[in-house]
J.: 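Below you'll find the structure I mean.
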Amino acid sequence: MPLKDAETSMSLERYNPREMEPHWQKVWDDQQSFVVKDGDTRERYYVLEMFPYPSGRIHMGHVRNYALGDVVARYQRARGKNVLHPMGWDAFGLPAENAAIERGMNPGIWTRQNIEAMRAQLKSMGLSLDWTREVATCEPDYYRHQQAMFLDMLEAGLVTRKQSKVNWDPVDMTVLANEQVIDGKGWRSGAPVEQRELTQWFFRISDFAEELLSAIDGLTEWPEKVRTMQRNWIGKSEGLKLLFALEATEKTATTSIEVFTTRPDTIFGASFIALSPDHPLTGELAAGDPALAEFVAECHRHGTATETLEKAEKQGYFTGLSVAHPVKPGQTLPVYVANFVLMDYGTGAIFGSAGHDQRDLEFARKYGLPVIPVVLPPGADPQTFTIGEEAYTDTGTIFNSAFLDGLSIEEAKKTIADHFASLRVDGRPQGTVEVNYRLRDWGVSRQRYWGCPIPVIHCEACGTVPVPKKDLPVVLPDDVAFDKPGNPLDHHPTWKHVDCPQCGRPARRETDTMDTFVDSSWYFVRFTAPHADTPTVPEETNAWMPVDQYIGGVEHAILHLLYSRFFTRAMKITGHLGLDEPFKGMFTQGMVTHETYKAGDGRWLSPEEVRVELVEGERQAIEVATGRPAQIGSIEKISKSKRNGIDPDEILKTYGADTARWFMLSDSPPERDVQWTEAGVEGASRFQQRIWRLVGESVAIAEQFSEIEAGVDDEDALALRKIVHRAVKQVGDDIEGLRFNRAVAQIYELANALARYVGLVSPAPAARCAALAEGVERLVQLIAPMMPHLAETCWQTLGKQGLVCDAAWPAVDPAYLVDDTVTLPVQVNGKRRAEITVAKGSAQTAVEELVLSLEPIARMLEGKAPKKIVVVPDRIVNVVV
RNA sequence: GCGGGCGUGGUGGAACCGGUAGACACAAGGGACUUAAAAUCCCUCGGCCACAAGCCAUGCGGGUUCGAGUCCCGCCGCCCGCACCA
């Protein structure tokens, strides 16, 4: 192998990512390779990964997320698209305030320092980002537009102010999110959390429930799982609002109770009415009934803790009231208050149909109420059918129900709806068909400092007055103290004191700030015009939007995506852009996991603290510090508590960005969890060196045949051409389908084929050299979206002009994708016994004849004639005996 | 409980529309090179069988089909989301 000798010096040199990666990052920076150019008329492509919270350090989840997105971005660039691939910071939020409280640091300073540190980390990953478009939501330049849009939306009736219940921490004097309430106590103070009524700002997202639901059908490039989660969250149900007339009583002046039901067909099986503990009538009755008041208080105590209780027992309190049975004249139904009835769903009151609802059944059994079956399962005997421990919720025929008897459930629902529509209670139709949604309005008020100020002023004379747009932004003060509980904005000596913009008299600023979900509900829009004086530039924004491919964690599948879908619509209504759906393609990646290790005394050990060895074929962990064996535990999501985290910085320093990126893309399908392993990273690193050697070994040939002249391919050259062109086709298809693990496998196969082929170019017929030259060049282009630094280095080594990140994705010659022969497996009774290679499109009879002449087939037939021969042209042959 | 998803070698995973199960990688074992190690290269690698032939294998049990990892029915197990939603 004469060529190999010539290249020895080259191949001895190991590829050094530590040296090359910063080099290429600087080149890309200097050449502004990934900056969107004005006036670029090519087809646009917008790829976006969820922007990070600036905690100070990137984690492996970020590495995976941004590695995935960068492949798409670089691939689409190579495909000739004008690619927008920006990055920013979800920079408001609670951790900054915690840092302020715990370390006395100003939230703004803390956040901006973190952004600096994380930006440097992201840059070391070699991502093809347009950093000129960077935004941080905590900067007035960003949030002033959010305030302006809030005012527009307020004016358009999309924002409202109303009372709402919150979790109030009486020690920290702050509102807690549900996940900050642990066993009914505040997560920091440990004080019992109270339910308080506060006046809060809301976006009227529930008005859009139907629209947000039906538009999900059009989101065909979203994971089915996410679409289902959104549908469930919106929670549409169709039913009947039904009025029950109260029997006369001195306890209340109320004359009727309104319930919501999705099963009006079971009305003849009704056995009780149940009110929510929060129902207005409950409150009224409790005022004159201490025992009821105590029952309600008990329900509230359970309220927050119930989440942990698997199955709270059904409990009720009989109010002493009763209502007229709406279809059984002369009969009445008792009215209870029950702990399982929710106030914020439906009307806060239900009728119990014990035979056909499990909860109602449990309740009825407990309080000795009648259980009347009214739906007969198919084939059951109406004389003997009874309800035992299980309510019957399946299909069937209505019985025991007078004029509904014999109808199907659906028919009965219609009939009974018509029946009640024509009757009147309290002068209203007794029954109205109703559609209910679980989705509630989006409360955005937070009693916190580090968020976007809500731009309104409260004036005693004028009420709630919007801050005039000319006075925006309402900027957060820097001089805040966190020395006492509560909202620092509230304690600030001057900030909240302003004159009313309408009447000029002293007034008070709103001190609540916005939920950080608002910040992230439009950042993807801001990226389309990040420096504009207005929130958007509609021509630019509409040209870029929607995001072609959005990538992020499944933990944001519901709220962030739903709020963003709502906010985009709200921005359309207020004239800031012209579309409804922000994300055309959505992809949710899996988590990064790692083994856990535990010392003998139960301490969690981090991966750096253990050494894993093979002892008699078994993996055994040793704690480095003590030399004692440690236990290898389960594979878990990387977390601080289990100490199984891997620091991306260490990986990037040790192996380089390309290796980390390659590992993240290999093996595991991106939507599934990936297990980070030392062995896997080593493998990725070895492959990087292998490519480098391969390029080194073939560079002399490649230089000679850089034009890739076609010549006449001999058999070997043709075979390689086919492999190369197929790989290009496959890798392209796999990247477009986000099947990166398959693309990686394809690249391995190509590299294997090329490595075998290097030996074949001696004594170097031109056609073979040209095929090899092409193959190596293509290999470099195929790895370029995944290992961009290595690819640039190879590209340069091969003597190619320009940067590989600017090179066009290679064209596929379809001639190399087709074969003129085809190998058919030959089965006998569906089991493979042999194979034949025939010309493509061979006649069926010729194939049959050939098959029967095969030795293994003849042996199986034992001289008998086959019953049948199935020939699927160019696919398979099956001989049936 | 409801909704969704998934069960394939020692491991991660391939397998298109029902057509050669296990691509590719990791781990492991053996060999070459080396004073030695690392790196690299070559070979083996689902099970039974000494080999070949053959048989058994895609969670379990049925079914449809010339042919099932793939489709249908019934179980079992795991994961995720929502959860007293009337």
Side-chain angles (χ1 to χ4, degrees), chain A residues 11-12 14 223-233 235-237 239-240 242 259-264 266 274 276 306-307 309-314 338-342 344-353 356-360 362-363 393 436-438 554-555 557-558 590-591 614 617 619 663 666-669 671-675 677-684 686-687 689-690 693 733 739 741-752 755 823-835 856 859 866-872 874-881:
Chain A
S11 53
L12 281 178
R14 283 176 65 81
E224 197 49 53
K225 175 186 172 147
V226 175
R227 304 206 301 166
T228 306
M229 284 163 76
Q230 295 236 332
R231 283 193 192 101
N232 292 345
W233 190 258
K236 179 180 185 172
S237 61
L240 201 64
L242 193 53
V259 308
F260 176 71
T261 179
T262 56
R263 292 299 301 275
T266 65
S276 163
T306 307
E307 313 245 346
L309 291 167
E310 272 295 276
K311 269 185 185 164
E313 201 185 346
K314 308 282 169 287
N339 61 348
F340 64 89
V341 182
L342 306 173
D344 39 21
Y345 186 80
T347 61
I350 62 159
F351 81 77
S353 192
H356 307 286
D357 182 288
Q358 192 58 33
R359 290 160 315 174
D360 294 353
E362 284 169 35
F363 191 84
T393 54
N436 238 293
Y437 300 90
R438 202 183 77 107
V554 72
E555 66 273 19
I558 298 176
M591 295 181 305
L614 267 185
R619 294 177 72 242
F663 177 81
S666 310
D667 289 353
S668 289
E671 68 277 12
R672 281 198 223 168
D673 290 355
V674 63
Q675 193 195 344
T677 63
E678 192 73 6
V681 184
E682 294 283 355
R686 276 200 299 274
F687 185 64
Q689 296 297 344
R690 231 181 114 205
R693 275 198 310 278
D733 289 352
R739 296 178 295 264
N741 57 318
R742 290 209 330 198
V744 164
Q746 285 293 334
I747 291 172
Y748 271 113
E749 290 199 56
L750 176 61
N752 291 344
T823 299
L824 303 181
V826 180
Q827 299 179 328
V828 176
N829 289 342
K831 277 184 193 292
R832 184 185 158 280
R833 297 294 168 180
E835 58 183 38
R859 182 152 37 87
K867 265 192 205 146
K868 185 175 168 188
I869 302 179
V870 181
V871 179
V872 183
D874 297 340
R875 286 227 77 142
I876 202 163
V877 182
N878 193 8
V879 181
V880 186
V881 292

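Reminder, nothing fancy here: chain letters follow the sequence lines and each chain counts from 1.
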J.: Using every non-hydrogen atom in the two residues, find where A/Lys225 and A/Val554 come nearest and quote the distance to one decimal.
T.: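 For A/Lys225 and A/Val554, the tightest heavy-atom pair comes out as CE-CG2, 3.9 Å.
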
J.: Determine the interatomic distance between C1' on B/C76 and the same-named atom on B/G30; round to the nearest Å.
T.: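 That atom pair is separated by 41 Å.
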
J.: Could you check B/C17 for me: syn (within 90° of 0) or anti?
T.: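 Syn, angle within 90° of zero.
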
J.: Which one, B/C82, B/C66, B/A14, comes nearest to the side chain of A/Arg672?
T.: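 The answer is B/A14, which lies nearest to the side chain.
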
J.: If you only use heavy atoms from C-beta on, which nucleotide in B/C24, B/G13, B/G3 is closest to the side chain of A/Ala745?
T.: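 Of all the options, the side chain of A/Ala745 is nearest to B/C24.
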
J.: What integer number of Å spans the P atoms of B/C24 and B/C42?
T.: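 One P to the other, the span is 13 Å.
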
J.: At less than 4.0 Å, is any side-chain N or O atom of A/Arg875 found next to OP1 or OP2 of B/U20? Yes or no.
T.: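 For B/U20, neither OP1 nor OP2 has a side-chain N or O of A/Arg875 closer than 4.0 Å.
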
J.: Using the P atom as the reference point in each nucleotide, state the distance between B/A32 and B/C6 in Å, no decimals.
T.: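 My reading of the P atoms in B/A32 and B/C6 gives 48 Å.
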
J.: Can you tell me how far P in B/U40 sits from the matching atom in B/C45, rounded to whole Å?
T.: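 The same atom, P, in both gives a distance of 22 Å.
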
J.: Taking all non-hydrogen atoms of both residues, which atom of A/Val879 and which atom of A/Pro866 are closest, and how far apart?
T.: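 So the minimum-distance heavy-atom pair works out to CG1-CB, 3.7 Å.
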
J.: In whole Å, measure the gap between the P atoms of B/G22 and B/G9 for me.
T.: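 Per the computed distance, 14 Å lies between those P atoms.
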
J.: Kindly point out which of B/A25, B/C66, B/C41 is positioned nearest to the side chain of A/Val880?
T.: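 Nearest to the side chain of A/Val880 among the choices is B/C66.
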
J.: Strictly below 4.0 Å: does A/Asn752 bring a side-chain N or O up to OP1 or OP2 of B/A25?
T.: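 Yes, because at least one side-chain N or O of A/Asn752 sits under 4.0 Å from OP1 or OP2 of B/A25.
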
J.: Across all strands shown, which nucleotide pairs with B/A27 by Watson-Crick or G-U wobble geometry, both distances under 3.5 Å?
T.: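 When the pairing criteria are applied, nothing turns out to pair with B/A27, so the answer is none.
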
J.: Is the phosphate of B/C56, meaning OP1 or OP2, less than 4.0 Å from a side-chain N or O of A/Lys831?
T.: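 For B/C56, OP1 or OP2 has a side-chain N or O of A/Lys831 closer than 4.0 Å.
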
J.: Can you tell me how far C1' in B/G10 sits from the matching atom in B/U44, rounded to whole Å?
T.: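 Nearest-Å result for B/G10 against B/U44 at atom C1': 15 Å.
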
J.: Measuring from the side chain of A/Tyr748 (C-beta onward, heavy atoms only), which nucleotide among B/C24, B/C41, B/A86 has the closest atom?
T.: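 For A/Tyr748, the side-chain atoms sit closest to B/C24.
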
J.: Compare the minimum distances between each of B/G81, B/A86, B/U40 and the side chain of A/Arg686, then state the nucleotide with the smallest one.
T.: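 So the side chain of A/Arg686 is nearest to B/U40.
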
J.: Syn versus anti for B/G62, judged by chi lying within 90° of 0?
T.: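 Here the answer is anti: the torsion falls beyond 90° from 0.
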
J.: Which value, in whole Å, describes the distance between the P atoms of nucleotides B/G18 and B/G12?
T.: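 Nearest-Å result for B/G18 against B/G12 at atom P: 26 Å.
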
J.: Name the pairing partner of B/A36, where a pair is Watson-Crick or G-U wobble with both distances under 3.5 Å, or state none.
T.: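 No nucleotide pairs with B/A36.
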
J.: Once hydrogens and angles are ignored, does a donor-acceptor distance under 3.5 Å link the base of B/C80 to the side chain of A/Lys225?
T.: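 Not at all, since no donor on one side and acceptor on the other fall under 3.5 Å apart.
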
J.: Report the distance from atom CZ of A/Phe363 to atom NZ of A/Lys314, rounding to the nearest 0.5 Å.
T.: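 The NZ atom of A/Lys314 is 10.0 Å from CZ of A/Phe363, to the nearest 0.5 Å.
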
J.: With both distances kept under 3.5 Å, what pairs with B/G77, Watson-Crick or G-U wobble?
T.: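 Check on B/G77: paired to B/C6, both distances under 3.5 Å.
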
J.: Against A/Pro825, only a single residue in A/Val877, A/Asn878, A/Ile876 fulfils side-chain contact (heavy atoms from CB on, under 4.5 Å); can you say which?
T.: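 Option passing the side-chain contact (heavy atoms from CB on, under 4.5 Å) with A/Pro825: A/Ile876.
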
J.: Say you pick atom C1' in B/C26 and the same atom in B/C75; how far apart are they, in whole Å?
T.: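 Those two atoms are separated by 35 Å.
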
J.: Go through B/G13, B/C82, B/U20 for me and flag the one nearest to the A/Ser668 side chain.
T.: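 Taking heavy atoms from C-beta onward, the closest nucleotide is B/G13.
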
J.: Nearest 0.5 Å please: distance from the CG atom of A/Asn741 over to the CD atom of A/Gln746.
T.: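 So the CG of A/Asn741 and the CD of A/Gln746 are separated by 11.0 Å.
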
J.: Start with the C-alpha distance between A/Arg359 and A/Glu362, add both sets of side-chain angles, then the distance that settles salt bridge (Lys or Arg N to Asp or Glu O under 4.0 Å), and finish with yes or no.
T.: CA-CA 5 Å; A/Arg359 290 160 315 174; A/Glu362 284 169 35; over 6 Å; no

J.: Where do A/Ile350 and A/Tyr345 land on the side chain to side chain contact (heavy atoms under 4.5 Å, CB included) test, with the steps shown first?
T.: CA-CA 10 Å; A/Ile350 62 159; A/Tyr345 186 80; over 6 Å; no

J.: Taking a pair as Watson-Crick or G-U wobble with both distances under 3.5 Å, which nucleotide is matched to B/U70?
T.: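 Base partner found: none.
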
J.: Quick one: which of B/C41, B/A23, B/A14 gets closest to the side chain of A/Arg690?
T.: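 Between B/C41, B/A23, B/A14, the one nearest the side chain of A/Arg690 would be B/C41.
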
J.: Of all the nucleotides listed (B/C82, B/C66, B/G19), which has the minimum atom distance to the side chain of A/Val872?
T.: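 My answer, after comparing the listed nucleotides, is B/G19.
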
J.: Where the side chain of A/Gln827 is defined as all heavy atoms beyond and including C-beta, which of B/A86, B/U20, B/C80 is the nearest nucleotide?
T.: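 So the nucleotide nearest the side chain must be B/U20.
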
J.: Would you mind telling me which of B/C82, B/A86, B/C55 lies closest to the side-chain atoms of A/Leu342?
T.: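 Looking only at side-chain atoms, A/Leu342 lies closest to B/A86.
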
